[in-house]
Trainee: 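Let me give you the structure first, and then I'll get to my questions.
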Amino acid sequence: MALSSSTAAGTVPHPGAATAAAAAASAPMLHPLDAELPVALTGSAHGWFTRYRRYPVFSAPWVRGRIGVFALVLLVALLLTASPLVARQPLAEAPLGALAQLAVQLFAPLLIGPLLGLWVRRQGWPETLERNALAAAVATAVLALLAFHQFGSEPLKQAIAEATGAVDESGKRKRVAVSIGISMSAPPVLPASAPGTAGRAEEDIPLSAMTRFSNGVTSALFSFWMAGGVALWGWRRERQGLAALAREQELERAQAQRREAELRLSVLAAQVEPHFLFNTLAGVRSAIATDPARASEMIDHLVDYLRAAIPRLRSSGDTDATLGAQLEIVRAYLGLMSARMPRLSWAVQADDDLLALRCPPLMLISLAENAVKHGAEPKVGPVRVQVIAQRRSDGGLEVTVADDGAGFGASVGGSGLGLSNIRERLRQIHGDAAALVLKALPDGGVAATLSLPPE
């Protein structure tokens, strides 16, 4: 039975993340000791007998689970072995001392090694010191069992024999040989005329040096296994796997941050690009002579838009990433565009209790820009853009940016760069729990719906 199951997926070196990867590899493990390991390291197919492997080696859940599993198996084996021996003969003749010795040899390393290992891991020592201390803990369990076998087993059996009356006239215990499994051996032949051989018991015949050595090696190997010796390799694989996973996650974070920065820059460029400002200022100059009130309105909307958009585009977006903050930018943008394009009308609808919900930055303004650029501008005549936020039945947030403009035209998928960036950012932030869906409206135009999971 394997004591640990940990695998580490390899990572492809990335020049931009070399420093972060090196730091992650050299830093101490930050995974909580008693928390489950990532499924990527342990797998998901675990039953009752292997459930403890989901936790770090020598952690409290690992020690409890392993002791429970192994103790049950050993207890069943011990009962199956002891029951026939005890039931077939009087208590004074039953090999209780031998069974007690066997129980100590089975259960003591199972307890000593893992518990010492748990104490070591609780200290939070550096990797090298922790590795040496865990090896010392397993070695302590093995040496303790060898010392018991050499010096403690006989006093234990003598004490049990005296308590049960299984002693002879001189007070010495009656020796009984207990073996498990199949053993084939030929007893030594002693000369019948040899002095002192009459009535000599077979158990008094000393074991050979090779037999004693073989028994010692077998006992040491079994104690090493029960004490968690094999788990030392699992501990090493676990640390390597966590380090590799940390490097992968750091690389993913670096890539996500890069995409976030690229998207912010692209949105900033799209919103404050020269032709945008030039067209707006040209419209203001043209309106000054013919419609001064409209020119003043356009300037006010431009100021509102820049005041709302620029600070948030320069920030990381973390503190302002709420629905209310993103709708503020959208209102300023649509107000400015309607001032430039009087045939454009717009509306933003959102209940007050939704404004504090988290909403990834720069997504709604991108959808609003798409509605104006690809829906409103190509259409001749009045056009309307609506932004509607509502809560889904499962508690998630759903925001729809709809227009009754030109529609998809020849395009049916909405696979532009901006939309692809939004979908990629949603995948990075929420996985499959979030989505961006575009659909054509029956009366013309397009509705882009952003679905976010519950907080």
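Note that these values count all heavy atoms, side chains included, but never hydrogens, waters or copies made by symmetry. Predicted, not measured: the structure shown is a model, and the values here were computed from it.
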Trainee: Give, for atom CD1 of Ile422 and atom CE of Met363, the distance between the pair rounded to the nearest 0.5 Å.
Mentor: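 Those atoms lie 6.5 Å apart.
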
Trainee: Do Arg358 side-chain atoms and Thr322 backbone N/O form a donor-acceptor pair below 3.5 Å?
Mentor: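 Looks like no, no N/O pair under 3.5 Å.
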
Trainee: Please find out if less than 6.0 Å separates the ring center of Tyr333 from that of Trp346.
Mentor: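 No - the distance between ring centres of Tyr333 and Trp346 does not fall below the 6.0 Å cut-off.
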
Trainee: Can a donor-acceptor pair be found, under 3.5 Å and without considering hydrogens, that links the side chain of Ser296 to the backbone of Pro292?
Mentor: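 It does not hold such a pair.
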
Trainee: Rounded at 0.5 Å granularity, tell me how far CD in Glu297 sits from OG in Ser338.
Mentor: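 These two atoms lie 6.5 Å from each other.
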
Trainee: Kindly write out the residues that satisfy salt bridge (Lys or Arg N to Asp or Glu O under 4.0 Å) with Asp300, not counting sequence neighbours, or none if the list is empty.
Mentor: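 Asp300 satisfies salt bridge (Lys or Arg N to Asp or Glu O under 4.0 Å) with no residue once adjacent residues are dropped.
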
Trainee: Going by side-chain contact (heavy atoms from CB on, under 4.5 Å), name the residues that satisfy it together with Leu129, two or more places apart in sequence or in a different chain.
Mentor: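 Counting only residues at least two positions away or on another chain, Leu129 forms a side-chain contact (heavy atoms from CB on, under 4.5 Å) with Trp125, Pro126.
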
Trainee: Take Phe70 and Phe49 through the side-chain contact (heavy atoms from CB on, under 4.5 Å) test and state the conclusion after the steps.
Mentor: CA-CA 9 Å; Phe70 279 62; Phe49 281 93; over 6 Å; no

Trainee: Check Asp34 with Arg121, please: is the shortest side-chain N to carboxylate O separation under 4.0 Å?
Mentor: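 Looking at Asp34 together with Arg121, the answer is no, because their closest N to O distance does not fall below 4.0 Å.
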
Trainee: Search all heavy atoms of Lys379 against all heavy atoms of Gly405 and return the closest pair with its distance.
Mentor: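 That would be CD-CA, 3.7 Å.
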
Trainee: Go through the structure and list residues passing side-chain contact (heavy atoms from CB on, under 4.5 Å) with Ala135, not counting sequence neighbours.
Mentor: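 For Ala135, the residues satisfying side-chain contact (heavy atoms from CB on, under 4.5 Å) (neighbours in sequence not counted) are Leu232.
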
Trainee: Closest approach of Leu344 and Ala376, non-hydrogen atoms and distance?
Mentor: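 That would be CD1-CB, 4.2 Å.
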
Trainee: Hey, is the main chain of His149 close enough, under 3.5 Å, to the side chain of Gln105 for a donor-acceptor pair?
Mentor: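 The answer is no, because no donor-acceptor pair under 3.5 Å joins these two groups.
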
Trainee: Can you name the residues that form a salt bridge (Lys or Arg N to Asp or Glu O under 4.0 Å) with Glu424, not counting sequence neighbours?
Mentor: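 Only Arg259, Arg427 meet the salt bridge (Lys or Arg N to Asp or Glu O under 4.0 Å) criterion with Glu424.
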
Trainee: Out of Thr42, Leu242, Leu33, which one pairs with Pro56 under the side chain to side chain contact (heavy atoms under 4.5 Å, CB included) rule?
Mentor: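 Result for side chain to side chain contact (heavy atoms under 4.5 Å, CB included) with Pro56: Leu33.
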
Trainee: Heavy atoms only: give me the nearest Phe58-Gly117 pair and the separation to one decimal.
Mentor: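 In this case the closest contact between Phe58 and Gly117 is CD2-CA, 3.7 Å.
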
Trainee: side-chain contact (heavy atoms from CB on, under 4.5 Å), that's the test. Do Phe148 and Val104 meet it? Break it down for me.
Mentor: CA-CA 9 Å; Phe148 167 78; Val104 172; 3.6 Å; yes

Trainee: Any chance you could measure Leu327, atom CG, to Cys359, atom SG, to the nearest 0.5 Å?
Mentor: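 These two atoms lie 7.0 Å from each other.
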
Trainee: Should Leu323 and Leu364 be marked as a side-chain contact (heavy atoms from CB on, under 4.5 Å) after you check the CA-CA gap, both sets of side-chain angles, and the distance that decides it?
Mentor: CA-CA 9 Å; Leu323 177 63; Leu364 296 184; 3.8 Å; yes

Trainee: Closest approach of Val230 and Trp225, non-hydrogen atoms and distance?
Mentor: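 Scanning both residues, the minimum pair turns out to be CG2-CD1, 3.8 Å.
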
Trainee: Test of understanding: with side-chain contact (heavy atoms from CB on, under 4.5 Å), list the residues that count as partners of Asp291, not counting sequence neighbours.
Mentor: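 side-chain contact (heavy atoms from CB on, under 4.5 Å) list for Asp291, sorted by chain: Ala293, Arg294.
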
Trainee: Look only at the side chain of Asp404 and the backbone of Gly444, and say whether a donor-acceptor pair between them is shorter than 3.5 Å.
Mentor: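 Judged by distance alone, no pair lies under 3.5 Å.
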
Trainee: List for me each residue that meets side-chain hydrogen bond (donor to acceptor under 3.5 Å, both in side chains) alongside Ser286, sequence neighbours excluded, and say none if there are none.
Mentor: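 Counting only residues at least two positions away or on another chain, Ser286 forms no side-chain hydrogen bond (donor to acceptor under 3.5 Å, both in side chains).
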
Trainee: Rounded at 0.5 Å granularity, tell me how far CG in Asp351 sits from CD1 in Ile388.
Mentor: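 Rounded to the nearest 0.5 Å, the CG-CD1 separation comes out at 11.0 Å.
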
Trainee: Just how far is it from atom CG of Leu116 to atom CG of Leu134, taken to the nearest 0.5 Å?
Mentor: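 If we round to the nearest 0.5 Å, Leu116:CG and Leu134:CG are 10.0 Å apart.
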
Trainee: I'd like to know if Glu130 and Arg239 make a salt bridge, using a cut-off of under 4.0 Å between side-chain N and carboxylate O.
Mentor: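 Judged by the 4.0 Å cut-off on N to carboxylate O distance, Glu130 and Arg239 do form a salt bridge.
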
Trainee: Shortest non-hydrogen contact from Pro114 to Val63?
Mentor: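 Closest heavy-atom pair between Pro114 and Val63: O-CG2, 3.6 Å.
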
Trainee: Using the salt bridge (Lys or Arg N to Asp or Glu O under 4.0 Å) criterion, which residues pair with Arg253? Sequence neighbours excluded.
Mentor: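 Only Glu250 meet the salt bridge (Lys or Arg N to Asp or Glu O under 4.0 Å) criterion with Arg253.
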
Trainee: Between Ser59 and Tyr55 (side chain of the first, backbone of the second, donor and acceptor by atom type, cut-off under 3.5 Å), is there such a pair?
Mentor: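 Flag not set: sc Ser59 to bb Tyr55 has no pair under 3.5 Å.
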
Trainee: Holding to side-chain hydrogen bond (donor to acceptor under 3.5 Å, both in side chains), I want the full list of residues that pass it with Asp443, two or more places apart in sequence or in another chain.
Mentor: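 Listed in chain order: nothing, the list is empty.
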
Trainee: Where do Arg392 and Ser451 come nearest, in terms of heavy atoms and distance?
Mentor: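 Result for this residue pair: NH1-CB, 3.5 Å.
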
Trainee: With Glu398, which residues qualify under salt bridge (Lys or Arg N to Asp or Glu O under 4.0 Å), at least two apart?
Mentor: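 Counting only residues at least two positions away or on another chain, Glu398 forms no salt bridge (Lys or Arg N to Asp or Glu O under 4.0 Å).
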
Trainee: Look only at the side chain of Arg425 and the backbone of Pro361, and say whether a donor-acceptor pair between them is shorter than 3.5 Å.
Mentor: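 Yes, because the side chain of Arg425 sits within donor-acceptor range (under 3.5 Å) of the backbone of Pro361.
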
Trainee: Going from OG1 on Thr290 to CZ on Arg285, what distance comes out if it is rounded to the nearest 0.5 angstrom?
Mentor: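 So the gap between those two atoms works out to 12.5 Å.
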
Trainee: May I have the step-by-step check of side-chain contact (heavy atoms from CB on, under 4.5 Å) for Arg391 and Leu357, ending in yes or no?
Mentor: CA-CA 10 Å; Arg391 193 185 297 271; Leu357 296 180; 4.1 Å; yes

Trainee: Identify, with sequence neighbours excluded, every residue that meets side-chain contact (heavy atoms from CB on, under 4.5 Å) alongside Asp352.
Mentor: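 Here the qualifying residues are Leu355.
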
Trainee: Using side-chain hydrogen bond (donor to acceptor under 3.5 Å, both in side chains) as the criterion, list what pairs up with Ser219, not counting sequence neighbours.
Mentor: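 Partners of Ser219 by the side-chain hydrogen bond (donor to acceptor under 3.5 Å, both in side chains) criterion come out as none, since no residue qualifies.
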
Trainee: Test of understanding: with side-chain hydrogen bond (donor to acceptor under 3.5 Å, both in side chains), list the residues that count as partners of Lys157, not counting sequence neighbours.
Mentor: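 Scan of Lys157 (side-chain hydrogen bond (donor to acceptor under 3.5 Å, both in side chains), adjacent residues dropped) gives Gln101.
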
